[in-house]
Amino acid sequence: MNGHDAPVVAVATAVVDGRAVVVSASRDATVCVWDLATGERLHTLTAAPADLMSSLSPELVALATVVVDKQPLVLTCHIDGTGRLWDPATGRSAGELALGLAQLVLDGRHVVLAVQADRTLGVWDRATGGRLGVFPWMVDIGVLDGREVVVTCHPDHEAQVWDLATGREVGECLPAEGPWTLDGRDIAVTKEQGRASRVWDLDRHVLLATDLRELLADAEYEHAVSALASMDTVSTLTVVDGRVVVLDTHYEDPPELVGDLVPVFVPYGPSPTLEGRSVALAVGVDHTLRLWDLPTSPMDSTGPDGTRSMRSIPVEATAGQELVKGGPGDLVDLASLLSARTNGLVVAESGWEIRVRDASRSLVLGDTPVSLVPGPDGTVTPRHALDASAAGRVLAGHTDRVWAIDSAQVGTRTLAVTTSRDRTVRVWDLATGEQEGEPLTGHTGQVWAVATTVVDGRCVAVTAGEDHTVRTWDVTAARGDGGRLRAGHTGSVLAVATAVCDGVPVVVTAGADHTVRTWDLTTGSQACDPLSAEVSAMATAAVGGDSLVVTATPDATLHVVELATGRTVHRPFPSGHGRVLAMATATLDGLPVALTAGSDRVVGVWDLTTGQPLAAPFTGHSSRITAVATAVLDGRPVAVTGSWDKTVRLWDLATGRQLGEPLTGHTDWVTAVATATLDGAPVAISRGRDRTIRVWDLSTGQQIRDAQAAESGSGNTLAVSAMADGRLVAAFGDDRTVRFRDLTAGCPAGSDHLLPFPLHSLAAAPGGRFAVGFGDEVGVLSRAS
């Protein structure tokens, strides 16, 4: 079943209208429903809407199928802590799980407050389950003068305060400037049309004066106005009866409740308990609140199709019973509970905190509750669920970490199905601990997830992989071809750069297997021992005749090592970026320097001989910087950056100043930049998420060419190389395809090159060639290719 545009990270099975189906979830932000018998794709679901700020859909981390009151449903859980429900029969939304929970008495009526994925606060009647009120863009709830209120703030509007019981707005939101210190007090000034500016004491949250001139002499007043304009951190004040209750700033943080407005903690987590039983709060598309009675443990039996059955609890049956909040990780744990299995992918613990969780499977073997627990060496050990003692023979055969485990009943035997980082699927008899047949091979990437079901009386395993496919296997007749060994990286190649090491042109690659490898560009063999490093960005440089590689780890720490020996040149040092997203090297006044750009919207410049910052960070971009390159303009070194703010900017490396105005034209994020010389003039080439490639004359700041990057899709791979005949060719990738553009003639340069695995990285190499990282492979495309 081939149709996803990114790795498939989870699968589940169900029976819909008597037909066995597979539900698959991918990093392309979609969920697909397939007919298991025919392989036909029945529905494609957009698993989660895109965030308005980033335009990205939250990544899916867990998937489960469940039958509620005899109706099959699909539950998807996402990295932002949300859970959504789908009808696999129609492919349409069936609602979502409530993210927040509070119980109040409003005007004598018992109500439940629940927050939905889009931050809409709903007020539901506990007696009927009907929704009484709705408040979009909820920030917080609080108590003001004994009345429960809610603060809302739309991204493009001001903060508002509403009375929860009546649904009416209270107070007013005023534009403000400040803060400014006056006689040891922090103040803010609000300006309203048709009336004098009012001064507010931010420490006591009260009105200080009706006019700033009441507090200052004329000379002080002029100084205060100029100081307010320069500070400009407070954006609005929300005022009720002459008191400040909400303070908002120009930063991305939500408005802050202050003064007489007392915040009320809303315990997040969709799995509360009701008289000791775990329940889930589901909000249907008809805006009614439902309570589901969850299984008591992962050991509860499942149906023959692998799905768990639950029932709804009538809301009237909960009258007088108190809902108690669950733990912070209940959302993802809920999917694990429903499916009774986990895989080894990232999971959301709370908020945006991410960790890797071990695969596991809970089942009943005979009359004994058992957990299948993987080890770091690729083995799986059956353990008693109650005392963790061994409950059977260790399953040994995988050569790397086990990603996912499921089990199946075939006749009188209980079988386990495991998937591993070694790209194989294996079937085991749990009674004997022996492997059934040869490893099942066919996936060309890592196998992330597995689910079992029954089709026409046969036990079938369904697997999801990094190769974007969903595959089915007959568990009762396990067969395999022995697999294929690969040398080199064992994880996706994430970054590629070129260098010269001991006089030999080399390609340097960084992989998801946490290694940096150096390859002889001529022979294709590894030029030296691999380096151990977890890399988010990488560049090469020459310092004192030695070739160095500069890498940034996910925590934004910079490492500088010699390529030939692996010797650390400097102690690792923090860059100060939240995350390094791009890196380049250059020479400044004879010194080799590294440029880093990151999520904090600035560019850092580092002396590679000392490991120290060489200048103050370059500031000017209004969003994260995703690309950086270097060039020489009129004899001076310059940097070119691209950002989510849709601009390309030019910087003087010696002074740190921006040269000219931002280069505008892209209508979406700029994802990659490169520099070159075209017709004797220095140019920058930029690629954007608007699916265009644009060429800029750096001397004039004018765009001189643009072209469509692809028919569909966009990425951050871009490289430019000079051909032997003088042409300048740009290469860029989309999924598994490398495309070429003749920048000299402004037309396509040859046919597209199709790769067997997804393209992650691309770099120009000597001789008009391009080094590519695709899947866990490294290749070189020559002009003849």
Side-chain angles (χ1 to χ4, degrees), residues 51-54 80-82 99-102 104 113-123 133-181 185-193 197-208 228-229 231-268 350-352 578 601 622-623:
D51 180 81
L52 291 181
M53 300 299 292
S54 67
D80 60 352
T82 60
L99 297 182
L101 172 67
L104 301 173
L113 305 184
V115 185
Q116 296 175 248
D118 60 358
R119 287 193 11 231
T120 295
L121 175 68
V123 182
V134 56
F135 301 92
W137 301 103
M138 187 276 297
V139 174
D140 209 338
I141 60 175
V143 178
L144 182 64
D145 294 334
R147 300 284 292 180
E148 286 79 10
V149 296
V150 57
V151 179
T152 64
C153 187
H154 189 280
D156 299 325
H157 296 85
E158 58 196 20
Q160 295 173 281
V161 179
W162 308 83
D163 188 310
L164 274 177
T166 65
R168 296 174 181 172
E169 184 177 4
V170 295
E172 54 184 341
C173 187
L174 307 174
E177 293 178 331
W180 184 56
T181 302
R185 290 176 297 188
D186 289 333
I187 65 170
V189 177
T190 58
K191 296 181 178 179
E192 304 161 65
Q193 188 173 7
S197 301
R198 287 190 283 176
V199 184
W200 302 87
D201 187 328
L202 295 184
D203 297 319
R204 294 186 296 140
H205 314 110
V206 296
L207 180 66
L208 191 60
L228 285 173
M231 296 292 289
D232 197 31
T233 57
V234 178
S235 60
T236 61
L237 298 177
T238 304
V239 179
V240 178
D241 296 332
R243 295 169 298 170
V244 179
V245 295
V246 179
L247 175 66
D248 198 6
T249 69
H250 284 287
Y251 302 125
E252 295 181 357
D253 297 330
E256 178 185 1
L257 278 66
V258 298
D260 296 293
L261 182 51
V262 181
V264 174
F265 174 69
V266 180
Y268 283 85
S350 61
W352 288 93
R601 310 175 184 179
S622 60
S623 188

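Start at 1 with the first residue, then count along the sequence.
Within the model, atoms CG of Leu207 and CZ of Arg204 stand 10.0 Å from one another, a figure rounded to the nearest 0.5 Å. Here the straight-line distance linking atom CD of Glu177 with atom OG1 of Thr236 works out to 12.5 Å at 0.5 Å rounding. Taking CD1 of Ile187 as the reference point, atom CG of Asp201 lies at 8.5 Å (rounded to 0.5 Å). Taken from CZ in Arg243 to CG in Leu144, the straight-line distance is 6.0 Å, to the nearest 0.5 Å.
In terms of heavy-atom proximity, Phe135 sits nearest to Asp163 at CZ-O, 4.2 Å. Here the closest heavy-atom approach between residue Pro179 and residue Thr233 is recorded as CD-OG1, 2.7 Å. The shortest heavy-atom contact between Gly171 and Val240 is CA-CG2, 3.6 Å. Here the closest heavy-atom approach between residue Ser235 and residue Thr249 is recorded as OG-O, 3.3 Å.
At a threshold of 4.5 Å between non-hydrogen side-chain atoms, the residues Ile141 and Glu148 do not count as touching. Side chains of Leu121 and Leu164 form a contact here, defined as non-hydrogen atoms less than 4.5 Å apart. Counting heavy atoms from C-beta outward, Thr166 and Arg147 have side chains that approach closer than 4.5 Å. Inter-residue side-chain proximity for Cys153 and Asp248 is flagged as met; some heavy-atom pair is nearer than 4.5 Å. Considering only heavy atoms from C-beta on, Leu174 comes within 4.5 Å of Arg198 through its side chain. Residues Pro136 and Thr152 fail the side-chain proximity criterion, which asks for heavy atoms closer than 4.5 Å.
Thr120 contributes no side-chain N or O that, together with a main-chain N or O of Val115, makes up a donor-acceptor pair within less than 3.5 Å. Within the 3.5 Å criterion, the main-chain N or O of Glu256 finds no donor-acceptor partner in the side chain of Asp140.
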- Item | Candidate pair Leu202 and Val258, rule side chain to side chain contact (heavy atoms under 4.5 Å, CB included), full reasoning | CA-CA 9 Å; Leu202 295 184; Val258 298; over 6 Å; no
- Message: Using side chain to side chain contact (heavy atoms under 4.5 Å, CB included), reason through Val149 and Val245 one step at a time and then give a plain yes or no.
- Response: CA-CA 11 Å; Val149 296; Val245 295; over 6 Å; no
- Task: With side chain to side chain contact (heavy atoms under 4.5 Å, CB included) as the test, would you mind laying out the steps for Val123 and Val134 before giving the verdict?
- Result: CA-CA 6 Å; Val123 182; Val134 56; over 6 Å; no
